[in-house]
Amino acid sequence: MKLQFIPIDFDSIDINNQTYIQMFGRDENNKKICVIEKFNDWFYVTNLKLKKKIEKTKIEGISPLKIEIENKNYLGKKVKALKIYLQSSKILNKFSEKFNGLESDINIITKYLIEKKFSPLNWLEVEGEILNNSEELRGVDRMNVDYVILADSIKLGKNKKFKPKVLAYDIETEEFEIGKGKILMISLVGENFKKVLTFKPSKKNYVECFKNEEEMLKAFIKYIKEYSPDILTGYFSDGFDLPYLRARAEKNKIKLSLGVDNSIPKFKRGRVLSGKIKGIVHIDLLKFIQIAYSQYLQSETLSLNEVASELINEKKKDISHIDLNSKVSKKQWDDFCEYNLQDSIITEKLFRKVWPDILEFSKVIGEPIYEITRGGMSQNVENYILHNLYKFNEIAKLKPNHDEISSRIKREKYEGAFVFQPTPGLYENLCFFDFTSMYASTIVTYNLSLSTLSKKPTKIIADINGKKYFSEKSGFFPELLKQIIEKRKEFKKQYKDNPNPLLKARSNAFKLIANAAYGYQGFFAARYYCLEAAAATAYFARESIKKAIKDFEKKGFKPVYSDTDSIAVLLENKSKKQALLILKEINKKLPGIMELELEDFYKRGIWVTKRTGDFGAKKKYALIDEKNNLKIRGFETVRRDWCRLSRELQNKILELILKNGNEKKALEYAKEIILKIKKRQIPLKQLIIRTQLKKPIEEYKAITPHVTIAKKMKEKGLPANMGSLIQYYIAESKNKKALVRERAKLPDEKGEYDINYYLKHQILPAIENIFEVFKININELIEGKKQTCLGDF
DNA sequence: GCGCTGTGGGTACC
DNA sequence: ACTGGTACCCACAGCGC
């Protein structure tokens, strides 16, 4: 039979020493199906003399299926290679190791997709037979899908729209530690499907009540099987919900058979766990948001609440804390159920919102959605490369081994970007320019990569701790990056002409890959690691930006600031038109694909001194554009480890100064706030300091306030683990010389906030340097000196 | 015990 | 360990005296 099929999840299986690829997805009638196809895995050997020996080799009773001689490239050089096919991939590594093989370390699904030139989530045309309790294939078709088909041939099909069947879930538990307490409830939300499973009655109509935790877990499994989603999604579900479910299932001695073959979820150890369910793509939305969105989000944490409110304008249900040790009222329990349901509702909506990005990311990189949502950007860059090496007939380089990685980690840092030393002051009429995708353009323009690093001198010379040369013949890495940049441009333009989420997502996916390519070459675990290329990229970028600054200066534009790829100049008596003309002139002379573009014009901008030393601080400035929009960089206002009071005060002061062009109103405002805190009229909420715990508590050498508080929280049984945001305030103490950490208290701990601490350590640092631009000494104002001059105090 | 400087730690910029 | 380097600023740690 012949059918149209869209693959969503991928796996492989070995039956009687033959490897098969399993693809789970939908047919054109929206039936959930599994397509199985034989696949012969391979590896390469570049020593042709080994052909006979390999042919005769047998491992675990298996010898090579066939060996082909191919003309290939390896790191840009022509090679003759043996391509050795094996019917079973389980002995591939053993074979490959024996003969120093290549490409044996590429994931089998990746290889299948590369060989077939399929991309996940593209429709395929499948011809084959439906399996019916096939004994020959050891009952591989006994799965919870509508049918299983063994394919004879698979071709690219006609693309059409596809909407995956999604189920979102969320659990509420007694304890935060995985598996420690019971799971109290589980919510499930899909299209026209809303349920909360629990074992304590509630009158809410979506709640289903079971005898105990065990029965609830069984029902959870049953509902997932019945609903049979393509995608099961949660928020932080790799790190919490799924492992917790696994632990409680074990405790209740039931099998968490969520897979379509009744298998239990598999967990892969990484920096954090990732949970895989056979035949259903488990997506932890948090992970994808970290990869694709975090750099664009305003949210200070990536909590579901903050992210959802920013992306879909939805909030979690606000309920008061429930103390499970005391009696819980019916109303409280109902609210709790609703809270649980709401989390899944939000997660499902959030999923719908980011789905175009997941889809495009997967198509652009060429990897299934499970893979692209895990493993970080370096992995995505690498996968993009692997899927496109065929264009260059390249054999892939092996991953570095453990020793290689260790020595790479130990290497010294190289010199990075250039940052202009600003002169503190308030400036008027500024013009910002920046290089488009600077590092990526630099890599392309100067041909910087592992395979183009040359031992012999060339015209491309990077002066990085000695001279390094790069060949002028373009290499596959820069060439690939060039294509990425071109595609980015193309889709960006298409999006401009025809704004739709898919085009935006596609353009954004290419942008993210381009931006990560530079970091990739300097990343210790990269296949195409090349520190010289990374250092040379930074070198040529520095040269470019310094030259551009000089060029603007020559044309009479005074440079004020520059960081990595941006330049700010003063317009002074010149017009915007003139600035754009100069930009054009400078652009004409730029090499390769380097391109400088106008970022924006600003009415005013302010730069301040460092707190220590009397010169201008880098990476700290505030701008106001012609529509009175503020753009604040680096200041305490944008730093989450400062209390709200200092942040809001500083923000207001910057705004008043930039709007008015002078400090008068700002000073009035500062006085007001200082007076308020002196009178203890500022609510504690404004004074909470938040700092993240970046590692396990025991590993800290310096015992800072937030570490002290974290310890206190642990003692109280509150969650304070790696990654937690620790909140505290600084309270008064009889001992004037007590350390800050000794005065730090939890937000709900009794005490009076220390007015002096907040004046000197939170308010003063946030505004002192700003007023210094106007020769005003805020410290004197705070301490109450010169009262007669300033009044009020 | 005081004052200075170095270091660890967190966060932001690009 | 899960892209890179640059820079700010705090609180504590450690040193000399």
Side-chain angles (χ1 to χ4, degrees), chain A residues 268-272 274 287 290-291 295 300 374-382 399-400 402 405-406 408-409 411-422 434-435 437-439 443 512-526 528-531 533-535 537-539 541-542 545 561-566 599 608-613 616-621 631-642 646 689-695 699-708 725-726 730 737 739-744 757 760-762 765-766 768-769:
Chain A
K268 243 199 239 160
R269 282 229 162 268
R271 197 162 51 90
V272 270
S274 46
K287 281 199 180 141
Q290 272 171 342
I291 292 169
Q295 55 174 310
E300 276 167 22
R374 289 171 176 83
M377 267 323 275
S378 64
Q379 193 60 54
N380 284 330
V381 170
E382 190 150 289
K399 281 186 207 162
H402 191 270
I405 289 183
S406 327
R408 285 179 186 180
I409 289 174
R411 59 100 183 155
E412 275 186 39
K413 277 195 175 187
Y414 58 85
E415 189 181 343
F418 167 72
V419 188
F420 188 95
Q421 177 77 64
D434 55 31
F435 278 96
S437 309
M438 186 180 223
Y439 282 145
I443 291 169
L512 286 173
I513 300 168
N515 284 347
Y518 155 71
Y520 173 81
Q521 296 205 93
F523 171 49
F524 54 77
Y528 294 101
Y529 174 80
C530 182
L531 199 69
T537 308
Y539 166 81
R542 284 195 303 274
I545 198 91
Y561 187 63
S562 165
D563 184 349
T564 314
D565 60 353
S566 70
E599 195 263 329
V608 301
T609 54
K610 282 203 343 166
R611 278 216 93 200
T612 51
K618 295 172 177 182
K619 299 189 186 284
K620 273 181 102 167
Y621 59 93
K631 185 169 171 179
I632 298 177
R633 293 289 122 99
F635 272 111
E636 283 73 5
T637 301
V638 297
R639 296 182 59 93
R640 70 168 181 195
D641 55 348
W642 284 75
S646 353
I689 299 165
R690 305 196 300 169
T691 315
Q692 196 184 19
L693 215 53
K694 302 285 275 189
K695 51 186 182 185
E699 283 177 27
Y700 279 91
K701 281 186 194 165
I703 309 305
T704 50
H706 86 290
V707 175
T708 314
L725 207 55
I726 307 298
I730 305 304
K737 296 218 169 117
L739 292 170
V740 180
R741 66 168 176 232
E742 289 159 352
R743 289 179 282 152
Y757 174 84
K760 283 206 146 168
H761 295 268
Q762 289 281 321
E768 163 174 67
N769 303 331

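In what follows, chains are A, B, ... by sequence order, proteins preceding strands, each numbered from 1.
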Base, sugar-phosphate, or nothing for A:Y621, non-hydrogen atoms under 4.0 angstrom? sugar-phosphate

With A:Q379 via side-chain hydrogen bond (donor to acceptor under 3.5 Å, both in side chains) - residues at least two apart: none

May I ask you to say what A:Y757 touches in the nucleic acid, namely base, sugar-phosphate or nothing, with a heavy-atom cut-off under 4.0 Å? sugar-phosphate

Residue set satisfying side chain to side chain contact (heavy atoms under 4.5 Å, CB included) with A:T637, at least two apart, ordered chain then number -> A:I632, A:F635, A:Q650, A:N651, A:L654

So does A:K760 have more than 12 non-hydrogen atoms from other groups sitting under 6.0 Å from NZ? no

With sequence neighbours left out, what residues match A:R640 under salt bridge (Lys or Arg N to Asp or Glu O under 4.0 Å)? none

For A:R542, all residues meeting side chain to side chain contact (heavy atoms under 4.5 Å, CB included), sequence neighbours excluded: A:E415, A:F418, A:A538, A:Y539

Regarding A:G416, tell me which of base, sugar-phosphate or nothing describes its non-hydrogen contacts under 4.0 Å with the strands shown. sugar-phosphate

In whole Å, measure the gap between the P atoms of C:dT3 and C:dA7 for me. 23 Å

Going 5' to 3' on DNA chain C, which nucleotide is the first and which the last to come under 4.0 Å of a heavy atom in chain A? C:dA1 to C:dA13

Side chain to side chain contact (heavy atoms under 4.5 Å, CB included) partners of A:K618, counting only residues at least two apart: A:V419, A:Q421, A:P422, A:Y561

NA contact type, A:A516, heavy-atom cut-off 4.0 Å: base, sugar-phosphate, or nothing? base

By side-chain hydrogen bond (donor to acceptor under 3.5 Å, both in side chains), A:D565 pairs with (sequence neighbours left out) none

For DNA chain B, produce a single dot-bracket line, 5' to 3'. Pairs: Watson-Crick or G-U wobble, both distances under 3.5 Å. Symbols: ( ) within strand, [ ] crossing, | other strand, . unpaired. ||||||||||||||

Scan A:K737 against the nucleic acid and name what it touches under 4.0 Å (heavy atoms): base, sugar-phosphate only, or nothing. sugar-phosphate

The residue, A:A525 or A:E415, whose nearest nucleotide of DNA chain C is more 5′ is A:A525

Checking A:K695 now: which residues fulfil salt bridge (Lys or Arg N to Asp or Glu O under 4.0 Å) with it, not counting sequence neighbours? none

Residue A:R269 excluded, over 12 heavy atoms near CZ under 6.0 Å: no

Residues two or more places apart in sequence or in another chain: which of them pass salt bridge (Lys or Arg N to Asp or Glu O under 4.0 Å) with A:D434? none

What nucleic acid atoms does A:L739 come within less than 4.0 Å of, heavy atoms only: base, sugar-phosphate, or nothing? sugar-phosphate

List in chain and number order the residues that pass salt bridge (Lys or Arg N to Asp or Glu O under 4.0 Å) with A:R690, two or more places apart in sequence or in another chain; answer none if no residue qualifies. A:E300

N/O-N/O pairs, protein side and nucleotides 9-11 of chain B side, under 3.5 Å:
from   : atom 1 : to     : atom 2 : distance (Å)
B:dG9  : OP1    : A:K695 : NZ     : 3.1
B:dG9  : OP1    : A:K701 : N      : 2.9
B:dG9  : OP2    : A:K695 : NZ     : 2.9
B:dG10 : OP1    : A:Q692 : O      : 3.4
B:dG10 : OP1    : A:K694 : N      : 3.4
B:dG10 : OP1    : A:Y700 : OH     : 2.2
B:dG10 : OP1    : A:H706 : NE2    : 3.0
B:dG10 : N2     : A:R639 : NH2    : 2.8
B:dT11 : OP1    : A:R640 : NE     : 3.1
B:dT11 : OP1    : A:R640 : NH2    : 3.1
B:dT11 : OP1    : A:Q692 : N      : 2.9
B:dT11 : OP2    : A:R640 : NH2    : 3.4
B:dT11 : OP2    : A:Q692 : OE1    : 3.3
B:dT11 : O4'    : A:R639 : NH2    : 3.2
B:dT11 : O2     : A:R639 : NH1    : 3.0

With a 4.0 Å cut-off on heavy atoms, is A:K620 in touch with a base, just the backbone sugar-phosphate, or nothing at all? sugar-phosphate

Students often get this wrong, so: under 4.0 angstrom with heavy atoms, is A:F635 touching a base, only sugar-phosphate, or nothing? nothing

